[in-house]
Amino acid sequence: MSFGIRNYSAQQMSIINNIQYMSDRDQRALKLGWPTMFFENITSQIDQDRKFSVLYSDNAASRPSVATPVLLGAEILAAMRNEPLEEVIAASRFDPRYKVALGVENDLVVPGSLRTHQRFQERVRNYEAEHGVNLIMDEVNRLSASIASTTIQFAVEEHAIVPGSGVDVSGLDQKQSELIKQVLNADGNTDLMGLPIETIPCEGGHLEIKLRADSLMFCGCMQVLNRQQLFYKVNQRLILACVDFGIGDLVEKPFGRYLNKDDYNAFLYSNKELSGSKKLQILIDESISLLDTVRGHGLDDTPDFQNVERVLEEQTVEKSGGKGRRPRTKEDPWPKGVLQNPTDPDATYRRKANKDYRGYSGSFMQVTVSFVPDNKDEEATVYPSIVLRSRVDQNNVDDSVACEKMIETLPEQPVERNLHADGAYTGESLTKTAKAKNIVIRNSDLKGLDVPDALADISFDDSGKICGCPLGIIPWDSELDPLGLKAKATFPILCCQSCMYAGACKATFAPTKGIATIHVKLSSVERAKQQRWISSEEGIDGGRYRNGVECLMSLLRRYYGIDRLGVRGLELIRPLVYFMQAAINIKQLFRLILRKKGISPRSLVV
């Protein structure tokens, strides 16, 4: 069955539209409330012809589909209102607020069902598996960039020196005037973060755009299993799969007890004759025997068969002498990404801050626009922070790796911009990727031992060679190692012997040649610069700004229930987090719109 794109542009007003029979007061409340703002800024801005047309048939005889804006709008509404998707689908049939928000107030029968949404997301997953592009993530990121641009536009309107406003514009050059006009005349599809907004002259201050990133670990929707329960579950699931596949005769006799629903409790808990270690060894031996029995009968590529192989590989090692396998102990090396529960093979284990997490890690990047006055006694005007990027990975993925992936999706910044993060966001690869996008990683703290502060004063030329020591002395000679990780330079021995920084530079002396050589790691120099920046006044303010991202983490846990997602697997969890990102940004947009109209954001009820 194929589906074509449904054309909503020729939709006529229904003569039985209940909204037109409302009182003027109710219609005005509906027009000024969140439903109309949602439709104008979100639903109507999702263009299914731009990206999502690849999911539908171009055959004119195909059945018309439910419009993509309606499907994505309903998903975002479910996240915004913290309601199940089924409730939003039902409410869109009876509640005029949902009808207006989704733009279906003139439909006699509101299209779509829960199964429609499931089929749509399945098509999105299949397209990502084939082409490596997640259409939902791209669309949410586009909407986020649009909301961030609206915030920038509002800040420029409030503070910029605009030609024709009666303010002295003699200091404006032509480029600045054109930039201001470009910002003020930009539409919703223009990404204003690609413009040097910081160069716009303002009255009594300047505009500033800053980024910050952080992550949180959240639990998966699964039962916590010990090793005995894990082996029993994976064995039982493979045996049940054999029965469903029609090869139950192979396993019924040697493993028939797994088919008895009472055996789980009887073997693991009621059996007092066997110790826990003996029970575990029995289950391990049965797993090995089960794989040998089933292998080659058509189930080798199924998840149930692979889970048994995975558990044996991760939880056991070969016995000395090569006869069988035994459980891993603390003395044995453990692999990363150990299976926690066969119902959610993607979930992994990690311990952080004395707390165990079995699930996933979510990484988020926020952008904040602020007006910083020249008078330091005045407070800065901070506009709503927008979640620019989000990402979900297994929780054994380093924060720096996840942040690097998010930075890769950003456009190159027109001016150097700071990304504030904690000490986990370090590494040469992350720094290199950020530098390519004109972004500087600013850590609020650093892990590991401090390096000498004097290293920050060593200067380098464009080729990476040392061109000046901490005292500014020019070396006789300098060279860089082939890998570009270390540099060394030679100086007159008299300069270094009496220098207070000789130990910091790791100087070595050759009295017979009259030279001294310093050896420096480039990473140590960058770390010294970071340490100096962290202790500066700007670094202290940057640390305070970074701490603000913790509010987002708290919001995701308390209101959006990221620890209570009712789905399993990365493929199903990722879209829900993207919709949370959109919901958070849309609420910020609504507050900005109300602020522009002179209405208190506290009156917003979504």
Side-chain angles (χ1 to χ4, degrees), residues 198 398 400-401 403-404 407 412-543 546:
E198 292 84 348
D398 291 337
S400 59
V401 175
C403 184
E404 184 178 351
I407 291 177
E412 184 177 351
Q413 303 301 298
V415 295
E416 188 178 272
R417 287 173 177 159
N418 292 335
L419 172 61
H420 298 267
D422 58 29
Y425 293 83
T426 57
E428 295 180 8
S429 179
L430 174 61
T431 303
K432 184 178 179 180
T433 302
K435 188 176 182 180
K437 299 291 185 178
N438 208 10
I439 295 173
V440 179
I441 306 296
R442 296 296 191 185
N443 301 103
S444 58
D445 61 351
L446 294 173
K447 295 182 178 180
L449 299 176
D450 291 342
V451 298
D453 180 72
L455 296 181
D457 294 322
I458 297 178
S459 54
F460 297 84
D461 58 18
D462 295 337
S463 63
K465 297 180 180 180
I466 297 175
C467 61
C469 75
L471 293 180
I473 300 174
I474 300 175
W476 282 349
D477 186 25
S478 178
E479 62 182 63
L480 193 66
D481 75 333
L483 298 178
L485 302 178
K486 297 180 181 180
K488 71 176 183 178
T490 55
F491 294 85
I493 191 170
L494 294 179
C495 294
C496 294
Q497 277 182 335
S498 59
C499 180
M500 67 179 70
Y501 301 130
C505 297
K506 296 183 179 179
T508 57
F509 304 101
T512 56
K513 298 181 180 180
I515 63 172
T517 306
I518 66 172
H519 303 78
V520 177
K521 289 184 178 180
L522 301 187
S523 59
S524 298
V525 175
E526 291 299 323
R527 185 179 179 89
K529 293 179 180 179
Q530 283 277 48
Q531 289 174 186
R532 182 174 293 182
W533 183 87
I534 290 171
S535 59
S536 66
E537 184 177 350
E538 183 184 359
I540 294 173
D541 291 339
R546 189 224 71 88

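All figures in this text were calculated on a predicted structure; none of them were measured in a lab.
- Remark: Glu412 CD to Ile439 CD1 distance equals 9.5 Å, nearest 0.5 Å.
- With respect to the salt-bridge test (charged N to carboxylate O, under 4.0 angstrom), the residues Asp457 and Arg532 qualify.
- In this structure, CD1 in Ile407 is found 9.5 Å from NZ in Lys437, a value given to the nearest 0.5 Å.
- Annotation: the span from Leu430 atom CG to Ile441 atom CD1 amounts to 4.5 Å, rounded to 0.5 Å.
- Not a single salt bridge (Lys or Arg N to Asp or Glu O under 4.0 Å) links Glu428 to another residue, sequence neighbours left out.
- Between Val525 and Leu455, the closest heavy-atom pair is CG1-O, 3.5 Å.
- Closest of all the heavy-atom pairs between Cys499 and Cys495 is CB-O, 3.4 Å.
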Hey, can you pull the donor-acceptor pairs under 3.5 Å for the side chains in residues 472-484, sequence neighbours left out?
unit_1	atom_1	unit_2	atom_2	d
Ser478	OG	Ile466	N	2.9
Ser478	OG	Ile466	O	3.3
Ser478	OG	Lys488	O	3.3
Asp481	OD1	Gly484	N	2.9
Asp481	OD1	Leu485	N	2.8
Asp481	OD1	Lys486	N	3.1

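- Remark: the Ser429 side chain and the Glu404 side chain contain an N/O donor-acceptor pair separated by less than 3.5 Å.
- At a threshold of 4.5 Å between non-hydrogen side-chain atoms, the residues Arg546 and Arg442 do not count as touching.
- Side-chain atoms of Gln531 never come within 3.5 Å of backbone atoms of Leu446 as a donor-acceptor pair (strictly under, hydrogens ignored).
- Shown here is Lys521, whose NZ atom has no more than 12 heavy atoms of other residues, nucleotides or ligands within 6.0 Å.
- Taking CZ from Arg527 and CG from Asp453, the interatomic distance works out to 12.5 Å, rounded to the nearest 0.5 Å.
- Here the straight-line distance linking atom OG of Ser524 with atom NZ of Lys529 works out to 12.0 Å at 0.5 Å rounding.
- In this structure the side chain of Cys469 never reaches within 4.5 angstrom of the side chain of Tyr501, judged on heavy atoms.
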For residues 418-427, please give each side-chain donor-acceptor pair under 3.5 Å, one per line with the distance, not counting sequence neighbours.
unit_1	atom_1	unit_2	atom_2	d
Asp422	OD1	Ala424	N	3.0
Tyr425	OH	Ser215	N	3.4

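- Here the shortest heavy-atom pairing between Cys496 and Ala502 reads O-CB, 3.5 Å.
- Taking the side chain as every heavy atom from C-beta outward, Thr517 and His519 approach each other to under 4.5 Å.
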